[in-house]
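Before any comments, here is the structure.
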Amino acid sequence: MREENFFEAVQQRAYLDSTAAVRDVTVAILQTLGEHLSEGQEDDLAPALPNELTEALIGAAPRPAESFSFEEFIERVSNRAGLDESDALQQSRVVFTVLAETVGYREIQGTQE
């Protein structure tokens with residue numbers, strides 16, 4: 001899927017007005033997900049993502065995966081994207097749905113471990 005298509009799908013489902021807001025929240029969610037994933041899990045997702053999103057997921061340097069709760073995930077997204085936690089939760093759901101449609105639901109299930 002091309003970046004524009006990914007962002008367009010998120011924008012339509014999240015009811016966001018601006019492309020910049022879509023990019024900001026999507027990158028915040030993928031950066032947070034990347035903090036939680038092991039290198040092998042990242043490698044399963046990255047090939048199906050557009051370049052900008054792969055960079056957000058993988059980051060600039062290798063690092064160990066962090067273990068944190070779903071609540072912590074939402075708090076990190078909220079802080080990164082400048083959203084309240086309710087909006088961070090709703091928009092995370094949208095991004096994960098589009099992500100699952102892009103990379104496959106089985107790959108997404110592997111990120112929940």
Side-chain angles (χ1 to χ4, degrees):
M1 177 180 279
R2 295 178 48 212
E3 278 178 25
E4 299 82 26
N5 296 355
F6 192 98
F7 291 131
E8 185 177 290
V10 171
Q11 185 170 12
Q12 289 173 352
R13 295 175 190 187
Y15 305 106
L16 296 170
D17 293 332
S18 78
T19 304
V22 171
R23 286 181 184 276
D24 290 348
V25 73
T26 300
V27 167
I29 290 164
L30 291 178
Q31 286 174 336
T32 306
L33 178 61
E35 292 170 347
H36 183 67
L37 298 179
S38 68
E39 189 173 332
Q41 290 173 313
E42 289 174 348
D43 293 342
D44 290 342
L45 298 177
L49 292 174
N51 289 340
E52 180 181 350
L53 301 181
T54 298
E55 291 171 15
L57 180 69
I58 294 175
R63 70 205 149 14
E66 294 180 48
S67 179
F68 49 86
S69 68
F70 178 73
E71 290 78 17
E72 174 70 14
F73 180 91
I74 296 302
E75 184 178 323
R76 289 180 186 206
V77 170
S78 174
N79 291 335
R80 259 195 184 111
L83 301 171
D84 64 36
E85 289 189 9
S86 175
D87 287 340
L89 172 62
Q90 188 269 337
Q91 292 177 18
S92 292
R93 287 180 176 153
V94 170
V95 170
F96 271 93
T97 298
V98 175
L99 184 62
E101 291 169 359
T102 302
V103 302
Y105 286 91
R106 183 166 296 196
E107 297 300 336
I108 293 299
Q109 289 175 336
T111 67
Q112 297 173 354
E113 300 169 351

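In what follows, residues are counted from 1 in the order of the sequence shown.
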Pick out which of Val22, Val94, Thr26 makes a side-chain contact (heavy atoms from CB on, under 4.5 Å) with Gln11.
Val22
Side-chain donor/acceptor of Ser78 to backbone N/O of Ile74, under 3.5 Å
no
Would a 4.5 Å heavy-atom cut-off, applied to side chains only, mark Phe68 and Thr32 as touching?
yes
Quick check: are there more than 12 heavy atoms from other residues, nucleotides or ligands sitting under 6.0 Å from CG of Asp17?
no
Given side chains that start at C-beta, do those of Val27 and Glu52 come closer than 4.5 Å, heavy atoms only?
yes
Would you say that Arg13 contacts Arg93 through its side chain, given a criterion of any heavy-atom pair below 4.5 Å between the two side chains?
no
Check whether any side-chain heavy atom of Leu33 sits under 4.5 Å from a side-chain heavy atom of Leu45, and report yes or no.
yes
So Leu30 and Leu99, do their side chains get closer than 4.5 Å, heavy atoms only?
yes
Closest heavy-atom pair and its distance - Ser92, Ala88
OG-O, 2.7 Å
Out of curiosity, Leu57 CG to Leu37 CG, how far, rounded to the nearest 0.5 Å?
6.0 Å
Would you say Phe96 and Gln91 make side-chain contact, with heavy atoms under 4.5 Å?
no
Does a side-chain N-to-carboxylate-O contact under 4.0 Å join Arg80 and Glu75?
no
Quick one: does Glu66's side chain get under 4.5 Å of Glu35's, heavy atoms only?
yes
Can you check whether Phe7 reaches Val98 side chain to side chain, under 4.5 Å on heavy atoms?
no
CZ (Phe73) and NE2 (His36) are apart, to the nearest 0.5 Å, by 8.5 Å
